[in-house]
Protein chains: 2
Amino acid sequence: MANIREIAKEAGVSVATVSRVLNGHPYVKEEKRNAVWEAVEKLNYTKNINAVHLAKGKTSIIGVVLPYLNHPYFATVLEGISKEALRHRYHLLVFQTNYDVEKELEALEMMRMKQVDGLIICSHVADWGVIGEYKQDGPIVLCEDVRDQDFLSVYIDHYEAFTKALRYLIQKGHRHIGYCIGRTTGANSKARQAAYYDTLRQIGVEPRKEWIFDRCLYMEDGKRVIHEWMSLPEKPSALLVSSDQVAAGIVLWGKKEGVKIPADLAIVSFDNHPISEPLQITTIELPLALMGKKAFRLIYHYIETGNIARKTEKLSVRFIERSSV
Amino acid sequence: MANIREIAKEAGVSVATVSRVLNGHPYVKEEKRNAVWEAVEKLNYTKNINAVHLAKGKTSIIGVVLPYLNHPYFATVLEGISKEALRHRYHLLVFQTNYDVEKELEALEMMRMKQVDGLIICSHVADWGVIGEYKQDGPIVLCEDVRDQDFLSVYIDHYEAFTKALRYLIQKGHRHIGYCIGRTTGANSKARQAAYYDTLRQIGVEPRKEWIFDRCLYMEDGKRVIHEWMSLPEKPSALLVSSDQVAAGIVLWGKKEGVKIPADLAIVSFDNHPISEPLQITTIELPLALMGKKAFRLIYHYIETGNIARKTEKLSVRFIERSSV
DNA sequence: TTGTAAGCGTTATCAA
DNA sequence: TTGATAACGCTTACAA
């Protein structure tokens with residue numbers, strides 16, 4: 001493959017001039033410019049982007065850290081990031097972690113090694129302290145509630161959203177309320193958990209461990225939940241469900257077992273995924289694509305200008321009342 | 001940031017020795033090895049991976065070209081690729097194209113520029129000829145039926161799958177059959193279309209244009225389809241549906257309108273996505289994650305060994321009979 | 001407006 | 001076992 005030196009020779013100019021032409025810099029005579037493009041054409045030349053990266057000290061690639069790629073929640077966030085990245089001619093390197101700390105650290109190391117100019121972390125398990133050490137290597141934006149931690153972030157206030165949903169259920173007369181959660185660790189889940197305990201305590205109701213359903217991510221998990229619910233000696237009359245996928249599983253599999261929604265079991269879930277509409281599931285819409293978009297903007301602005309526009313942004317949710325309560 | 005030269009100086013060895021230690025090469029005295037690691041520790045050193053890429057002429061990054069990231073079909077293929085890439089310490093650069101030719105070309109150009117060592121194309125719109133020109137720049141694997149084209153590929157035989165489904169409907173007594181499709185162009189869609197025309201002709205039934213529903217990708221599209229179906233003066237009694245998502249939309253929205261499945265309308269769809277089970281949709285399981293995995297393996301094998309194990313692999317599908325027919 | 005040359009930070013060959 | 005040194009291919013002062 002031809003390199004810039006060969007182009008220079010072919011066009012009868014210096015490599016600096018070739019570089020100028022290639023990058024659209026001013027102050028190059030029309031004829032030299034033409035000569036360069038002709039040589040490029042003739043020798044079928046293309047830049048070696050790794051040399052560019054090395055010389056410039058940046059790659060215009062952003063790393064995206066997320067646990068799963070085929071989960072609607074993360075896929076939607078990723079799509080949001082991707083669309084915005086495309087607009088700014090940035091590329092995305094995806095790090096699927098399956099919530100494995102090693103994989104997260106690998107992503108952080110890739111930023112140290114200058115493979116990526118910045119990192120958007122959609123969900124993590126590594127300690128804040130560990131992640132914090134990498135702030136010196138490039139901008140990190142979290143799509144989670146970082147609370148008192150000193151990080152850039154764009155997030156949905158799950159505490160508020162969960163509280164809102166709980167209040168709604170309580171107002172509708174429910175006192176026996178359980179919930180489903182993706183995983184017990186994790187910022188979002190902890191926020192939801194806190195909202196649950198706080199709100200129930202406020203109305204003097206004792207939270208029950210056996211009404212908390214863990215590892216609820218996919219539709220199949222809804223099947224498991226409804227069967228566990230059915231086998232419960234004392235059943236909650238309402239369930240706050242981590243996602244519309246899981247809620248759909250509960251509703252659809254519940255229907256097969258004769259469970260009446262909302263008479264036997266009321267449901268509020270999250271996302272406002274298209275499936276929630278025909279199933280008439282009351283849900284809290286999460287602006288996932290928007291979160292991705294804003295996360296990219298935050299990191300992009302920092303990279304391009306070197307300063308921080310806003311440190312943290314909380315996205316508001318929309319309550320969509322249907323008939324599952 | 002410290003570089004390899006500073007490490008060499010600090011450890012009192014040459015850069016070559018540092019490089020050897022860093023890459024685990026043999027023939028380095030124990031004490032020098034230790035001295036190097038100490039210097040690395042002390043100066044908090046990390047490799048600049050762009051320099052490595054430049055010197056080696058490869059990046060261990062594979063580009064993945066797909067139209068949408070938040071569509072279950074492509075997200076599942078991507079997840080399959082990702083898991084296998086992880087195992088081999090490769091990284092993935094995603095190119096979301098929205099079926100824009102420009103974006104596809106950009107991905108191909110990135111391979112020319114040596115940003116990626118190879119490309120997995122999940123679905124494309126660019127001409128074969130255009131894509132073919134980039135074969136000289138690195139391996140390209142298609143996850144589509146490339147037929148007579150000379151490309152590496154791993155694909156699902158949609159012609160066969162569609163034919164199988166059609167035969168099943170015919171055998172069940174259906175003669176008025178329509179279908180839904182993602183988009184009219186595209187290898188998969190064309191294969192399905194061909195199967196439709198061929199099979200119907202064989203039984204002497206005239207295909208009808210108004211029974212073909214275009215742009216069916218998401219659940220919302222199922223809503224549109226069932227409403228269009230209802231407004232048809234002459235309705236097909238059965239529909240072959242592009243994906244379980246769309247089929248779920250048809251079934252769920254149809255139910256609200258009082259459409260009886262399968263009495264009024266029989267349905268066979270594709271994917272065997274978890275949603276098809278509780279809805280009892282007869283479906284054809286597509287091995288999407290496997291396709292991704294195999295695509296990665298193909299490209300990986302070529303990159304590592306320089307030769308082609310197998311050029312093309314056709315994946316078989318599984319017919320899952322439920323009660324939507 | 002143009003060219004020279006010094007980086008950018010590795011890897012890998014070759015000689016010792 | 002080790003070290004010098006030449007690639008790898010581009011960008012960008014600086015000088016002219």
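It should be emphasised that the depicted structure is a prediction, and the values quoted were computed from it without experimental measurement. Naming convention: chains lettered A, B, ... in sequence-line order (proteins, then strands); numbering from 1 in each chain.
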Options [options], nucleotide nearest the side-chain atoms of [X]:
X: A:Ser19; options: C:dG9, D:dT12, D:dC10; value: D:dT12
X: A:Thr17; options: D:dA4, C:dG7, C:dG3; value: C:dG3
X: A:Tyr45; options: C:dG3, C:dT11, D:dC10; value: D:dC10
X: A:Lys29; options: D:dG9, C:dT1, C:dT10; value: C:dT1
X: A:Ile4; options: D:dT11, C:dT2, C:dT13; value: D:dT11
X: A:Asn48; options: C:dT11, C:dT2, D:dC10; value: D:dC10
X: B:Leu54; options: D:dT1, D:dG9, D:dT11; value: D:dG9

Rounded interatomic separation in angstrom, taking [atom1] from [X] and [atom2] from [N]:
X: B:Leu43; N: C:dG9; atom1: CG; atom2: P; result: 14 Å
X: B:Arg5; N: C:dT10; atom1: CZ; atom2: P; result: 8 Å
X: B:Lys9; N: C:dG9; atom1: NZ; atom2: P; result: 14 Å
X: A:Gln115; N: C:dT10; atom1: CD; atom2: P; result: 14 Å
X: B:His53; N: C:dG9; atom1: NE2; atom2: P; result: 15 Å
X: A:His25; N: D:dA13; atom1: NE2; atom2: P; result: 10 Å
X: A:Glu6; N: D:dC10; atom1: CD; atom2: P; result: 10 Å
X: B:Tyr27; N: C:dA16; atom1: OH; atom2: P; result: 20 Å

Output yes when a side-chain donor or acceptor of B:Glu104 lies under 3.5 Å from a complementary backbone atom of B:Val125, and no otherwise. yes

Give a yes or no on whether the ring-centroid distance for [X] and [Y] is below 6.0 angstrom.
X: A:Tyr73; Y: A:Tyr68; value: no
X: B:His91; Y: A:Phe95; value: yes
X: A:His88; Y: A:Phe296; value: yes

Check whether any side-chain nitrogen or oxygen of B:Lys114 sits under 4.0 Å from OP1 or OP2 of D:dG9, and answer yes or no. no

With a 4.0 Å cutoff (strictly under), does any side-chain N or O of B:Lys58 reach OP1 or OP2 of D:dC8? no

Whichever of B:Lys56 and B:Val28 has its nearest DNA chain D nucleotide further upstream toward 5': B:Val28

Residue met sooner reading DNA chain D from 5', once B:Ser14 and B:Ala55 are mapped to nucleotides: B:Ser14

Establish, from distance only, whether the side-chain atoms of A:Arg112 and B:Thr46 form a donor-acceptor pair under 3.5 Å. yes

Going by distance alone, is a donor N or O of one side chain under 3.5 Å from an acceptor N or O of the other, for A:His53 and A:Gln115? no

Name the nucleic acid region contacted by A:Val15, choosing base, sugar-phosphate or nothing; use a 4.0 angstrom heavy-atom cut-off, strictly under. base

Touch class at under 4.0 angstrom, heavy-atom based, for A:Asn23 against every strand present: sugar-phosphate

Judged by nearest nucleotide, the residue sitting upstream toward the 5' end of DNA chain C, A:Arg20 or B:Thr46, is A:Arg20

